*Asks:* 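Handing you a structure now.
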Amino acid sequence: MARYNFRDSEPKWQAVWSERGTFTATTDPSRPKFYVLEMFPYPSGRLHVGHVRNYAIGDVVARYKRARGFNVLHPMGWDAFGLPAENAAIASRVHPAEWTFENIRVMGEQLRMIGLAYDWDREVATCTPDYYRHEQKMFLDFLKAGLAYRKESTVNWDPVEHTVLANEQVIEGRGWRSGALVEKRKLTQWFLRITEFADELLDDIATLDRWPDRVRVMQANWIGRSVGARMRFRLQGRDDRLEVFTTRPDTIFGASFCALSPDHPLSEEAAATDPRLAEFIAECRRLGTSEEAIETAEKQGYDTGLRAVHPFDGRELPIYVANFVLMEYGTGAIFGCPAHDQRDLDFARKYGLTVRPVLWPTTVRRLDDEAFAALPPETQALFETGAGVATVDGEAQFHVAGTAFSATDAETYGYDLGDLTDRPALSVSEAKEIAIAGLAARDSGEPSIGYRLRDWGVSRQRYWGCPIPVIHCADCGVVPVPEADLPVELPHDVNFDRPGNPLDHHPTWKHVPCPSCGRPAVRETDTFDTFVESSWYFLRYCSPKADTAFDRADADYWMPVDQYIGGIEHAVLHLLYSRFFMRALGACGYTDVKEPFAALMTQGMVCHETYSDAAGDWLYPEEVESRGGGVVRIADGAPVTVGRTEKMSKSRKNVVGLERVVDTYGADTARLLLLSDSPPERDLEWTDAGIEGAWRYLNRVWRLVTEPAHPLPPRGTAAPKAFSESALALRRKTHKTIKAVGEDFEAFRLNRAVARIRELTNQAAELKGSDEGAAWALREALETTVLLLGPITPHLCEEMWQALDGDSLVADAPWPDWDSELTVDDTVTVAVQVNGKLRATIELPRDADKGTAEDLALADGGVQRALAGKAVRRVVVVPNRIVNVVV
RNA sequence: GCCCGGGUGGCGGAAUUGGUAGACGCGCCGGACUCAAAAUCCGGUGGUGGCAACACCAUGCGAGUUCGAGUCUCGCCCCGGGCACCA
């Protein structure tokens with residue numbers, strides 16, 4: 001039994017593509033371009049099959065678009081700065097650069113092994129000065145344009161190691177290595193003014209019509225534009241005022257307290273004279289900086305003793321410091337309206353504050369607290385759930401008990417707005433306008449737009465990143481590094497024996513003369529967030545050897561990326577930062593393209609079962625095997641616990657190494673499985689059974705092509721006049737498949753495309769007869785199969801194309817055309833239902849009229865039996881689809 | 001906690017976007033070939049009942065809209081992604 005020899009074929013065709021420069025891209029404005037890009041990897045060590053899925057999907061697009069006649073740009077590179085390199089340096093005493101470049105070498109070899117259609121001449125690694133020098137130049141331009149600035153912000157601080165921790169390094173509030181309780185600490189850091197573009201970034205989401213809706217929604221929510229008001233409360237016994245931001249000025253009459261962020265200046269001021277408050281604030285700071293930690297922590301507050309005066313009714317409201325108020329959003333202070341906000345309600349109950357409803361459904365009577373308290377407990381309980389409305393004594397009544405009452409935009413409500421209005425019913429937006437007008441009249445507030453989006457903090461106190469090109473001079477302040485002095489290169493001679501930033505510890509690197517006055521000064525020792533590198537790498541690919549960041553003409557031709565592919569985990573940060581970067585670069589005259597990625601596809605993760613031994617240590621899949629109904633460790637037969645299927649990760653060892661799969665089955669088999677077993681956007685579970693099935697199919701096609709059941713006519717033979725029924729059916733299948741697979745590729749339905757190609761293979765194998773027509777139809781089917789499968793299993797297809805006397809490479813062959821006469825059938829099978837239940841199917845000529853369909857359906861024996869003599873009330877006919885008889 | 005997804009046979013998934021639920025594949029069962037095994041080929045395979053024709057049940061749970069719901073609406077449950085210093 002002949003088997004496809006991938007061990008010879010795969011390196012052979014890789015060499016052919018490489019020698020011919022098949023995938024080398026050249027700027028050519030006379031041709032339509034297509035730029036397809038997969039998110040570049042962080043060089044973490046070795047590729048596993050999880051990485052490959054991303055690249056295999058992109059490779060299908062690249063090869064398919066190439067067959068469609070596009071001038072395709074498909075580059076690859078390395079997102080090479082990052083924390084893991086420093087961790088490796090600490091753990092294994094290897095230099096981050098050495099570690100990174102070795103990983104790039106290994107992973108690059110692995111990528112070449114899978115036959116991806118990359119233009120390797122454009123390979124980029126972001127940790128090289130040749131790359132990051134341009135980033136430093138961009139930063140200097142941002143600085144000039146006012147898009148970069150410094151301000152204080154908080155970081156996670158490890159008090160034992162005296163170092164800044166990433167959120168990832170904070171485990172349950174403690175430093176991952178020291179185990180010390182993490183504190184927040186304020187540092188002056190660099191920021192990029194992304195909020196400058198908040199409205200534009202939000203509005204332009206509408207233009208991203210080839211992005212998944214969910215990503216667009218996530219970005220819009222992330223920017224979180226909300227129209228509200230800033231309002232100022234007089235402080236009792238003081239001259240200054242407290243400013244808060246609210247999205248619900250209409251509920252101001254329900255305010256019963258104000259709350260400050262622990263980082264608010266007023267909190268700090270109050271803490272100076274109140275040690276218990278100071279302790280409370282310190283406790284809040286141990287929560288860490290992530291929003292998740294803050295929002296999931298138990299809501300707590302501390303009464304500062306300060307009192308805010310209500311701008312309308314003069315009530316004195318207590319001012320709390322609360323652990324859930326974020327300094328970054330709004331003004332870092334809020335007013336609380338417990339009746340209409342669940343969090344405020346919980347807070348009010350906890351601290352015994354009044355709950356004062358100020359809006360209610362117009363159709364109900366309001367119960368005051370006294371009347372409510374007089375009700376029996378079971379009646380009170382009726383108010384706990386739902387919308388605060390319950391029937392008491394036959395009348396709908398309203399009271400806020402355990403659940404805050406929230407209004408919808410569509411309805412109108414009765415409102416308590418003091419003497420601001422007499423109107424009996426208002427919509428929320430009308431009430432907001434009235435409240436804001438009232439505030440303005442008292443000089444206590446004005447309309448304001450708030451954003452959830454915050455400016456992008458780009459300073460990192462780490463070595464393995466791009467140095468921020470400024471110098472701090474005692475006399476001149478912050479001085480940009482002159483452009484002629486770029487790049488500011490990382491020093492190589494660093495050591496990681498001490499915790500903290502090696503750049504800061506370096507004996508000489510940071511000491512430089514001030515470029516402005518010449519006196520001794522120090523370099524900025526912070527480096528950039530690695531998201532900065534990934535915010536413009538797609539531009540560098542357009543002209544990777546250019547002396548500038550990119551050549552304008554090349555970028556004008558290639559940009560935007562026509563198809564971007566990557567994980568859903570990047571739905572907000574990386575994609576939003578890149579969109580911002582294009583606009584910031586635009587403001588500095590670099591480019592006119594606004595949106596970097598015209599189309600986006602987000603692929604799911606590759607998952608695998610996890611295995612652990614009796615001691616609870618993780619085991620690699622290749623360390624275990626099934627034996628006698630259980631799973632055991634191969635080395636000693638010890639029982640193994642099979643855990644849940646999870647995203648492949650080095651930490652759980654549930655990774656399938658690429659080499660093992662490619663050695664055993666070849667790259668094409670792995671590619672086929674990764675592309676066919678799940679829709680690309682969904683998660684995929686890697687199983688050994690799956691890879692066997694893919695391998696079996698490749699050999700089946702291989703044999704069908706190289707050992708056809710009967711001789712094929714020479715390539716290019718004209719079609720015979722007549723075809724047998726079986727041959728004609730195969731031809732129809734062939735042309736339907738061409739049409740459908742093209743549509744599937746365009747829509748990323750890759751798993752379905754593979755299913756269709758397999759159907760074609762099945763039908764080709766079942767072809768009856770060996771006459772001229774059958775042989776011709778078989779050749780047509782086989783050639784088609786090779787061309788359609790080409791983007792998925794490219795090596796095998798080149799080999800088969802050669803076996804079919806193909807005169808060129810599949811990689812250079814145009815996509816096949818389909819004959820519309822062969823893609824539609826003369827008859828259709830129509831389902832017949834009786835009262836919505838399937839009772840029969842009937843064969844009808846295509847596009848038969850409704851009367852014919854109805855008559856034939858009613859004449860059917862099965863239908864008659866189901867009707868059982870009952871009178872037909874109605875017949876619904878959907879042509880070519882269904883007949884539903886209603887009795 | 002907040003934002004965004006997902007849930008269909010033993011398993012991965014398909015379903016012309018409101019019209020025959022389960023394409024294609026994996027696994028399993030049976031058969032052929034073989035001294036035997038592997039490989040390959042042929043047939044079967046959602047569940048329950050029935051010799052069978054067939055009937056009933058079935059797309060996470062519960063309601064609803066409709067001639068007709070996996071698909072639309074409302075309310076739940078579970079799983080996953082993100083939450084600004086992991087990339």
Side-chain angles (χ1 to χ4, degrees), chain A residues 1 3 39 41-42 44 79 81-84 155-156 164-170 189 194 212-215 217-222 224 289-297 299 324 328 342-343 452-462 529-531 534 567-574 576-577 602 604-605 607 644 646-647 673 676-679 681-685 687 689-690 692-694 696-697 699-700 703 740 749 751-752 754-759 762 765 829-841 862 865 873-876 878 880-887:
Chain A
M1 184 69 55
R3 292 236 202 155
M39 290 179 186
Y42 177 76
S44 57
D79 188 14
F81 275 136
L83 204 48
V155 293
N156 299 309
V164 177
L165 298 176
N167 282 338
E168 191 190 49
Q169 298 171 316
V170 180
Q189 310 210 70
I194 187 172
D213 283 341
R214 58 170 162 155
V215 175
V217 170
M218 279 190 263
Q219 292 223 341
N221 289 342
W222 187 266
T289 57
S290 83
E291 192 175 318
E292 184 191 3
I294 290 163
E295 293 282 332
T296 54
K299 308 292 175 281
F324 56 85
E328 289 84 3
Q342 190 62 44
R343 191 179 58 188
R452 218 185 69 94
L453 183 70
R454 314 197 292 253
D455 276 337
W456 176 12
V458 292
S459 292
R460 298 291 180 271
Q461 295 71 42
R462 306 198 203 297
D529 177 6
T530 59
F531 272 122
S534 57
I568 185 68
E569 66 272 21
H570 295 289
V572 177
L573 292 180
H574 161 60
L576 191 62
Y577 289 150
T602 52
M605 299 172 303
C607 303
R644 44 189 284 177
E646 293 185 62
K647 173 185 176 172
L673 177 64
S676 66
D677 220 42
S678 266
E681 50 283 312
R682 254 203 253 184
D683 288 352
L684 177 142
E685 188 184 349
T687 60
E692 282 284 348
R696 209 176 306 161
Y697 172 69
N699 279 293
R700 211 160 97 80
R703 280 193 301 273
R749 292 185 298 246
N751 55 325
R752 239 168 45 160
V754 172
R756 289 187 209 279
I757 297 169
R758 293 180 89 132
E759 283 181 56
N762 291 345
T829 307
V830 170
V832 185
Q833 300 177 332
V834 176
N835 286 342
K837 290 204 169 200
L838 181 72
R839 296 300 173 182
T841 56
R865 203 166 346 106
R873 284 199 294 161
R874 184 179 162 194
V875 180
V876 179
V878 182
N880 297 332
R881 197 118 328 151
I882 207 162
V883 178
N884 191 10
V885 183
V886 185
V887 294

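Quick note on labels: first sequence line is chain A, next is B, and so on, each numbered from 1. The model shown is predicted, which means the values in this text are computed figures rather than measured ones.
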*Asks:* Between S290(A) and C83(B), does any side-chain N or O lie under 4.0 Å from OP1 or OP2?
*Replies:*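 Answer is no, no contact under 4.0 Å.
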*Asks:* So how far is it from T530(A) OG1 to D79(A) CG, rounded to the nearest 0.5 Å?
*Replies:*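 That separation rounds to 6.0 Å.
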*Asks:* Considering every strand and a 4.0 Å limit on heavy-atom distances, what is the contact class for R460(A): base, sugar-phosphate, or nothing?
*Replies:* base
*Asks:* Ignoring hydrogens and angles, tell me if any N or O in the side chain of Q189(A) forms a donor-acceptor pair with the backbone of V458(A) under 3.5 Å.
*Replies:* no
*Asks:* Taking OP1 and OP2 of G13(B), is either one under 4.0 Å from a side-chain nitrogen or oxygen of S678(A)?
*Replies:* yes
*Asks:* Contact class for P41(A) vs. all strands (heavy atom < 4.0 Å): base, sugar-phosphate, or nothing?
*Replies:*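 Counting heavy atoms under 4.0 Å across all strands, no contact is made by P41(A).
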*Asks:* Would you say R214(A) places a side-chain N or O within less than 4.0 Å of OP1 or OP2 belonging to G5(B)?
*Replies:* no
*Asks:* Hey, does the side chain of R696(A) come within less than 4.0 Å of C24(B)'s phosphate (OP1/OP2), counting only N and O?
*Replies:* no
*Asks:* So what does T829(A) hit on the nucleic acid, given a heavy-atom distance under 4.0 Å: a base, only sugar-phosphate, or nothing?
*Replies:*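 Here T829(A) touches the bases of the nucleic acid.
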*Asks:* If you define the side chain from C-beta out and look only at heavy atoms, does anything of R758(A) sit under 4.5 Å from R700(A)?
*Replies:* no
*Asks:* What about Q189(A), does its side chain sit under 3.5 Å from the base of C85(B) through a donor-acceptor pair?
*Replies:*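 Under the 3.5 Å cut-off, the side chain and the base do form a donor-acceptor pair.
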*Asks:* What is the nucleic acid contact for G224(A), judged by heavy atoms within less than 4.0 Å: base, sugar-phosphate only, or nothing?
*Replies:* nothing
*Asks:* Between R3(A) and U40(B), is there a contact of a side-chain N or O with OP1 or OP2 at under 4.0 Å?
*Replies:*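 So the side chain of R3(A) is outside the cut-off, no N or O lying under 4.0 Å from OP1 or OP2 of U40(B).
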*Asks:* Are OP1 or OP2 of A14(B) and a side-chain N or O of N751(A) less than 4.0 angstrom apart?
*Replies:*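 So the side-chain polar atoms of N751(A) do come within 4.0 Å of the phosphate oxygens OP1 or OP2 of A14(B), strictly under.
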*Asks:* Describe the nucleic acid contact of R758(A) in one word from base, sugar-phosphate, nothing, applying a heavy-atom distance below 4.0 Å.
*Replies:* sugar-phosphate
*Asks:* With a cut-off of less than 4.0 Å, is there a side-chain N or O of N884(A) near OP1 or OP2 of G19(B)?
*Replies:* no
*Asks:* C83(B) phosphate, OP1 or OP2: any side-chain N/O from R452(A) under 4.0 angstrom?
*Replies:*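 Result: no.
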*Asks:* Rounded to whole angstrom units, what separation is found between the CH2 atom of W222(A) and the C1' atom of A84(B)?
*Replies:* 4 Å
*Asks:* Are any of K837(A)'s side-chain N or O atoms less than 4.0 Å away from OP1 or OP2 of C57(B)?
*Replies:* yes
*Asks:* When you check the gap from the basic side-chain N to the acidic O, do E291(A) and R452(A) get nearer than 4.0 Å?
*Replies:*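 Salt bridge flag = yes for R452(A) with E291(A).
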*Asks:* Under 4.0 angstrom, heavy atoms only, what part of the nucleic acid is R682(A) near: base, sugar-phosphate, or nothing?
*Replies:*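 Sugar-phosphate contact only - R682(A) comes under 4.0 Å of backbone atoms but never of a base.
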*Asks:* Any side-chain N or O of N221(A) below 4.0 angstrom from OP1/OP2 of C4(B)?
*Replies:*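 Yes, N221(A) has a side-chain N/O under 4.0 Å of OP1/OP2 on C4(B).
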*Asks:* Reckon L83(A) touches a base, only the sugar-phosphate, or nothing at all at heavy-atom distances under 4.0 Å?
*Replies:* sugar-phosphate
*Asks:* Determine whether a donor-acceptor pair (one donor, one acceptor, N or O, separation below 3.5 Å) exists between the side chain of E291(A) and the base of C83(B).
*Replies:* no
